[in-house]
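Only a predicted model underlies this, so the values are computations on that prediction, with no experimental measurement involved. The chain is numbered in sequence order, starting from 1.
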Amino acid sequence: MAVSTTEYTTHGISTKPPSQHFKRDVLRQPSPPSSPPLYIPQYSTLEGAAGITRFLSPIRRRLPQQTYTPSSKWDIAMGQNVRRHAPIQFDHIGYNGQGVQMRELSARSDAAIAAMIQGAGDPVLAHTGRERITFRVIWPGYEHVECCDQVVINPGGRPITRAQLSKFIAQVFARFVEKTRKEPCRSPEWNLTSSGIRFEHLILVALVSVWDDVWQADVAVDLR
């Protein structure tokens with residue numbers, strides 16, 4: 001560490017700081033207190049949990065999102081120790097980490113989706129041990145628009161598959177986009193309007209466990 005040789009004045013007497021003693025004093029200082037155990041930035045991407053990947057498309061960008069945190073201090077304290085589940089990926093057959101267009105997932109039949117995405121028949125939520133999970137959408141600039149839905153893990157007594165789950169998520173986003181058309185957006189870059197980002201631009205990359213039974217989608221946007 002560089003030590004300044006600037007003169008200091010004490011009680012009218014000009015002196016230079018004793019550099020060697022200064023260095024030793026610095027080394028003897030106690031370590032600063034450790035950082036708080038939990039820090040959640042206002043905006044982040046969910047890629048850290050889903051695994052960092054580089055998109056092949058030059059126009060595709062990951063959506064920055066605010067991850068869900070409960071408002072109750074009790075829920076925060078209880079939820080910190082709950083185990084997070086591994087992300088559930090969505091990809092075309094033969095690809096990794098590129099995602100699938102939500103428009104395709106929303107409009108196609110389960111059979112068509114099964115022929116299109118990897119691991120379509122996998123019972124992706126059976127390992128959670130829950131009857132249902134909570135799916136939330138928190139879009140930058142539209143945090144004031146509530147979007148929360150329940151995913152039943154064993155509909156009709158059979159575990160939900162990756163294909164069924166992807167379609168469910170895409171349809172939730174389709175309704176969310178319609179719901180926000182007349183809502184003000186506080187983040188113009190991610191504005192959901194007919195002249196901005198539209199539903200056909202959205203890419204489902206993964207579903208990420210963010211808090212207890214709450215999951216959010218890792219989303220990319222094809223900016224045109």
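- Remark: Met116 CE to Glu104 CD distance equals 6.0 Å, nearest 0.5 Å.
- For the pair Gln101/Leu202, no side-chain contact is recorded, criterion being any heavy-atom separation below 4.5 Å from C-beta on.
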I'd like a table of donor-acceptor pairs (distance under 3.5 Å, sequence neighbours excluded) in which one partner is a side-chain atom from residues 171-179, with atom names and distances.
unit_1 : atom_1 : unit_2 : atom_2 : d
Arg175 : NH2    : Asp149 : OD2    : 3.4
Lys179 : NZ     : Glu146 : O      : 2.8

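- The shortest heavy-atom contact between Lys167 and Leu105 is CG-O, 3.3 Å.
- The shortest distance between side-chain heavy atoms of Val210 and Arg136 does not fall below 4.5 Å.
- Counting non-hydrogen atoms of other residues, nucleotides and ligands closer than 6.0 Å to CZ of Arg158 gives a total of 12 or fewer.
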Let's go through Ile138 and Thr67 carefully: what are the C-alpha distance in whole Å and the side-chain angles of both, what is the deciding distance for side chain to side chain contact (heavy atoms under 4.5 Å, CB included) to 0.1 Å, and is it a yes or a no? CA-CA 7 Å; Ile138 306 178; Thr67 54; over 6 Å; no
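- Hydrophobic clustering (ILVMFWY, side-chain heavy atoms < 4.5 Å, transitive): Val124 and Tyr95 are in distinct clusters.
- Annotation: the span from Gln66 atom CD to Gln216 atom CD amounts to 8.5 Å, rounded to 0.5 Å.
- Side-chain contact, Asn191 with Tyr142: a donor N or O sits under 3.5 Å from an acceptor N or O.
- Nearest heavy-atom pair across Ile169 and Ala217 is CG2-CB, 4.3 Å.
- Arg162 contributes a side-chain N or O that, together with a main-chain N or O of Gly119, makes up a donor-acceptor pair within less than 3.5 Å.
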Would you sort out whether Ile203 and Met102 count as a side chain to side chain contact (heavy atoms under 4.5 Å, CB included), showing the intermediate values? CA-CA 6 Å; Ile203 310 296; Met102 289 194 195; over 6 Å; no
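- Not a single donor-acceptor pair under 3.5 Å links the side chain of Gln98 to the backbone N or O of Asp91.
- Counting heavy atoms from C-beta outward, Asp222 and Arg61 have side chains that stay 4.5 Å or more apart.
- Summarising the geometry of Trp215 relative to Ser209, their closest heavy-atom pair is CE3-N, 3.4 Å, with the distance given to 0.1 Å.
- When all heavy atoms of Val205 and Val219 are compared, the closest pair comes out as CG2-C, 4.4 Å.
- Atom CG of residue Asn154 and atom CD1 of residue Ile160 lie 9.5 Å apart, to the nearest 0.5 angstrom.
- If you chain together hydrophobic residues whose side chains sit under 4.5 Å apart, Ile59 and Leu63 never meet in one group.
- Checking side-chain atoms of Thr180 against main-chain N and O of Glu183 turns up no donor-acceptor pair under 3.5 Å.
- No side-chain heavy atom of Thr134 sits under 4.5 Å from any side-chain heavy atom of Tyr68.
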Let me see the working for Arg130 and Asp213 under side chain to side chain contact (heavy atoms under 4.5 Å, CB included), right down to the final yes or no. CA-CA 8 Å; Arg130 297 180 179 272; Asp213 69 333; 3.5 Å; yes
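- Side-chain contact between His85 and Thr128: present, with at least one pair of heavy atoms (C-beta onward) separated by less than 4.5 Å.
- Residues Leu204 and Ser166 form a side-chain contact, since some pair of their non-hydrogen atoms from C-beta on lies under 4.5 Å apart.
- Taking all atoms of both residues into account, the shortest heavy-atom contact from Thr161 to Gly121 is CG2-O, 3.7 Å.
- Note that CD1 of Ile197 is 6.0 Å distant from CG of Leu223, once rounded to the nearest 0.5 Å.
- Phe135 places a side-chain heavy atom less than 4.5 Å from the side chain of Leu207.
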Taking it one step at a time, do Val151 and Arg132 satisfy side chain to side chain contact (heavy atoms under 4.5 Å, CB included)? CA-CA 5 Å; Val151 181; Arg132 62 189 67 223; 5.9 Å; no
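- In this structure, CG in Asp122 is found 11.5 Å from NE2 in His127, a value given to the nearest 0.5 Å.
- Listed here is the closest heavy atom pair of Ala163 and Ile113: CB-CG2, 3.8 Å.
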For Arg103 and His201, run side chain to side chain donor-acceptor pair (under 3.5 Å): C-alpha distance rounded to whole Å, both residues' side-chain angles, the deciding distance at 0.1 Å, then the answer. CA-CA 8 Å; Arg103 179 177 58 180; His201 298 154; over 6 Å; no
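- Taking the side chain as every heavy atom from C-beta outward, Leu192 and Arg198 never approach each other to under 4.5 Å.
- A distance-only check finds no donor-acceptor pair linking the side chain of Arg186 to the backbone of Glu143 [under 3.5 Å].
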